[in-house]
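Below you will find the structure I want to go over with you.
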Amino acid sequence: MATCRVFGRQLPRYISRPFCVGTLPRLSQPRAQSQSVARRGYASSISAAELKFGQPLHETHPHLLNPGELTPGITALEYAHRRSRLANRLPKHAVAVLAAAEVTYQAPAIFNPYRQESNFFYLTGFNEPNALAIIINDGSGDNHLFHLYTREKDPRAELWDGARSGTQAAMDVFNADESGDIERISSLLPKFLADATEIYTDIPVVDPGRSSLHRFLYGPTGASESLKKIVDPAKVKPLKPILNEMRSFKSEEEVVQLRRVGQASGRAFTEAMRHGFTKEKDLAAFLEYNFRINDCDGRAFVPVVAGGSNALSIHYTRNDDLLNDGDMVLVDGGGEMGSYISDITRTWPVNGKFSDPQRDLYNAVLNVHRSCVALCRESAKLSLDRIHGIAETGLKDQLTQLGFNFSGESIRTLFPHHLGHYIGLDVHDCPGYSRGYDLKAGQCVTIEPGIYVPDDDRWPAKFRGIGIRIEDSVCVGDDNPIVLTTEAVKEVDDIEALRD
């Protein structure tokens with residue numbers, strides 16, 4: 001089977017095929033006594049459409065993935081590049097260890113939709129639970145080793161829970177150098193950890209009864225004696241800071257995917273603005289429906305649909321109130337596509353027409369929003385924190401012109417949250433990565449100024465009880481920003497024209 005050379009190493013199988021060949025190697029039966037499955041050839045192959053995997057592939061779901069893509073919008077080659085970049089940031093003969101997310105449950109035997117742990121997904125594209133990834137800097141320059149331990153194929157289990165990819169697909173599809181059954185991880189992991197110069201991991205202490213991986217790592221009482229024997233605690237380092245820096249800079253493929261989900265989400269918002277709703281829950285349902293029919297996998301997070309004074313609560317998500325004629329409604333939401341997300345907020349009149357006070361306050365926020373979006377360029381040499389300070393000054397100036405008195409008062413009373421955050425695989429992407437760093441081209445952020453006027457005598461009466469936030473997802477450019485969510489209209493005239 002053909003291979004290609006990337007970073008000086010031969011890459012096998014799936015990533016070597018830029019075009020669909022229509023077949024994949026037949027998955028062999030696991031060897032019961034083997035601790036690992038070595039790479040090997042096959043004498044025959046069958047149509048990939050006849051095989052069952054734990055997630056869509058181009059060969060099985062060509063309506064969802066293009067040739068060469070391992071997940072929507074992201075190629076297998078891109079995942080290999082990411083692992084190589086990570087390995088190059090580690091000391092020689094160090095290892096990174098990542099665990100897949102566990103299945104969570106709403107009630108006994110009633111599971112929630114599965115979502116992979118973002119760092120694990122970023123490096124593997126593998127979207128199943130009970131898996132362990134090991135990335136090794138083998139000391140040979142650009143080369144590295146990738147091991148992926150997964151659940152083995154099991155027809156009885158798959159009858160209930162759906163298809164698994166299995167250990168052979170871990171190599172043939174996800175391009176692991178080595179794989180094995182996760183249930184035998186206690187015999188596989190020590191050899192990597194014992195010889196490693198350093199171990200980078202963020203695996204948390206969780207219920208040790210949930211998987212053999214966690215039973216090995218933490219033991220029945222939360223502290224594994226076997227792990228203590230083979231790992232010097234001084235060798236263990238956090239992996240998250242390295243991955244935060246890597247993930248904060250998006251590849252061209254990632255930006256395209258973020259633009260795609262931003263476009264779909266923006267269209268859903270604009271379509272929602274065309275209609276008059278009388279209940280928050282109806283608007284929320286309509287928005288999610290439109291995310292899906294615009295090719296999103298679903299919503300990225302529980303949306304805020306806040307009518308009237310409910311908008312004064314930043315994370316209002318009950319969405320169970322009435323929408324009253326004459327009020328405004330603040331909607332914060334976004335779709336998810338291939339695990340990449342969009343984050344948009346729009347505020348518009350329930351009846352489709354702004355009153356004079358609503359228009360004045362809305363334009364004050366919109367003016368600041370425009371000016372802050374324009375600063376999302378590397379040439380500006382500004383951080384999100386510094387742009388936040390500019391937003392505070394701008395909002396104070398705008399509101400002073402509308403009769404607000406700030407003597408003895410802080411703008412933070414009316415603008416209590418930060419101007420923005422990083423976005424990508426998560427709504428608040430790269431948690432812990434500082435907003436104090438100057439923005440660089442390829443980073444993606446939100447810009448979301450807002451004003452929330454309490455029912456208080458300190459503020460002009462005609463604005464009390466109004467909450468307005470305007471948010472777009474933005475990719476930082478060299479000299480100009482790229483607004484990823486421009487399909488969601490936000491000019492007063494454009495919003496009002498939707499009901500004409």
Could you check whether the rings of Trp459 and Phe406 sit parallel, tilted or perpendicular, using 30° and 60° as the cut-offs?
tilted
For Asp438, does its backbone N or O pair with a side-chain atom of Arg386 as donor and acceptor, under 3.5 Å?
no
Test item: side-chain donor near acceptor, Arg85 and Asn88, under 3.5 Å
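Side-chain D/A pair, Arg85 to Asn88: absent.
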Look at the aromatic rings of Phe174 and Phe126 and report parallel, tilted or perpendicular, splitting at 30° and 60°.
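Ring orientation, 0 to 90° scale: perpendicular.
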Test item: Thr400 side-chain N/O and Lys396 main-chain N/O as donor-acceptor pair under 3.5 Å:
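Here the side-chain-to-backbone pair exists.
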Among Ile344, Asp332, Ile447, which residue satisfies the side chain to side chain contact (heavy atoms under 4.5 Å, CB included) criterion with Glu471?
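The option that passes is Asp332.
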Contact between Leu375 and Pro481 at the side-chain level, heavy atoms closer than 4.5 Å - yes or no?
no
Looking only at atom types and distance, does a side-chain atom of Ser473 sit under 3.5 Å from a main-chain N or O of Asp343, one as donor and one as acceptor?
yes
Donor-acceptor pair, Gln443 side chain versus Lys440 backbone, under 3.5 Å?
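Side chain of Gln443 to backbone of Lys440, a donor-acceptor pair under 3.5 Å: yes, one is there.
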Considering only residues two or more places apart or on different chains, which pairs with a residue in residues 314-359 satisfy ring-ring contact (aromatic ring centres under 6.0 Å, His included)?
Phe354-Tyr362
Under a 3.5 Å cutoff, is there a donor and acceptor pairing between the side chains of Glu271 and Asn290?
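No, no side-chain donor-acceptor pair sits under 3.5 Å.
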How close do Glu378 and Val476 get, heavy atom to heavy atom, and via which atoms?
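Result for this residue pair: N-CG1, 3.8 Å.
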Quick one: list whatever passes side chain to side chain contact (heavy atoms under 4.5 Å, CB included) with Asn363, sequence neighbours left out.
Arg359, Leu366, Val492
Could you give the distance from CG (Leu382) to NE2 (His388), rounded to the nearest 0.5 Å?
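One gets 14.0 Å once the value is rounded to the nearest 0.5 Å.
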Exceeds 12 heavy-atom contacts within 6.0 angstrom, atom NZ of Lys381
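At most 12 heavy atoms, drawn from other residues, nucleotides or ligands, come within 6.0 Å of this atom.
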So which atom in Leu330 and which in Ile468 form the shortest heavy-atom distance, rounded to 0.1 Å?
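Looking at all heavy atoms of both residues, the shortest contact is CD1-C, 4.0 Å.
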Do Glu254 and Ile74 come within less than 4.5 Å of each other through their side chains, counting heavy atoms only?
yes
Can you confirm if the aromatic rings of His417 and Phe415 lie within a centre distance of less than 6.0 Å?
yes
Is it the case that the side chain of Arg292 and the backbone of Asp297 share a donor-acceptor pair, with hydrogens and angles ignored and the cut-off at 3.5 Å?
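Yes; at least one donor-acceptor contact below 3.5 Å.
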Under 3.5 Å, side chain of Ser379 to main-chain N/O of Asp478, donor-acceptor pair present?
yes
When rounded to the nearest 0.5 angstrom, what is the spacing between OG in Ser165 and CG in Asp172?
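Separation between the atoms: 11.0 Å.
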For a quick test of reading the model, state the closest non-hydrogen atom pair linking Ser265 to Cys296 and the distance between them.
OG-SG, 4.2 Å
Could you grab the distance from atom CD of Glu336 to atom CD1 of Ile341, nearest 0.5 Å is fine?
8.0 Å
If you draw a 6.0 Å radius around CZ in Arg318, do more than 12 non-hydrogen atoms from other residues or ligands fall strictly inside?
no
Sub-3.5 Å donor-acceptor pair from the side chain of Arg247 to the main-chain atoms of Asp429, do we have one?
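Checking the backbone N and O of Asp429 against the side chain of Arg247, no donor-acceptor pair under 3.5 Å is found.
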Please name the residue in the list Gln116, Arg151, Arg164 that meets the side-chain hydrogen bond (donor to acceptor under 3.5 Å, both in side chains) test with Glu128.
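Of the listed options, the one satisfying the test is Arg151.
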Does the Thr347 side chain pair with the main chain of Arg469, one donor and one acceptor, at a distance under 3.5 Å?
yes
Verdict with reasoning, Asp385 to Ser383, per side chain to side chain donor-acceptor pair (under 3.5 Å)
CA-CA 5 Å; Asp385 282 343; Ser383 66; 5.1 Å; no
Distance col, row His61:NE2 vs Gln55:CD, nearest 0.5 angstrom, shows 10.5 Å
What's the separation between atom CG in Leu123 and atom CG in Leu148, rounded to the nearest 0.5 Å?
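It is 11.0 Å, given to the nearest 0.5 Å.
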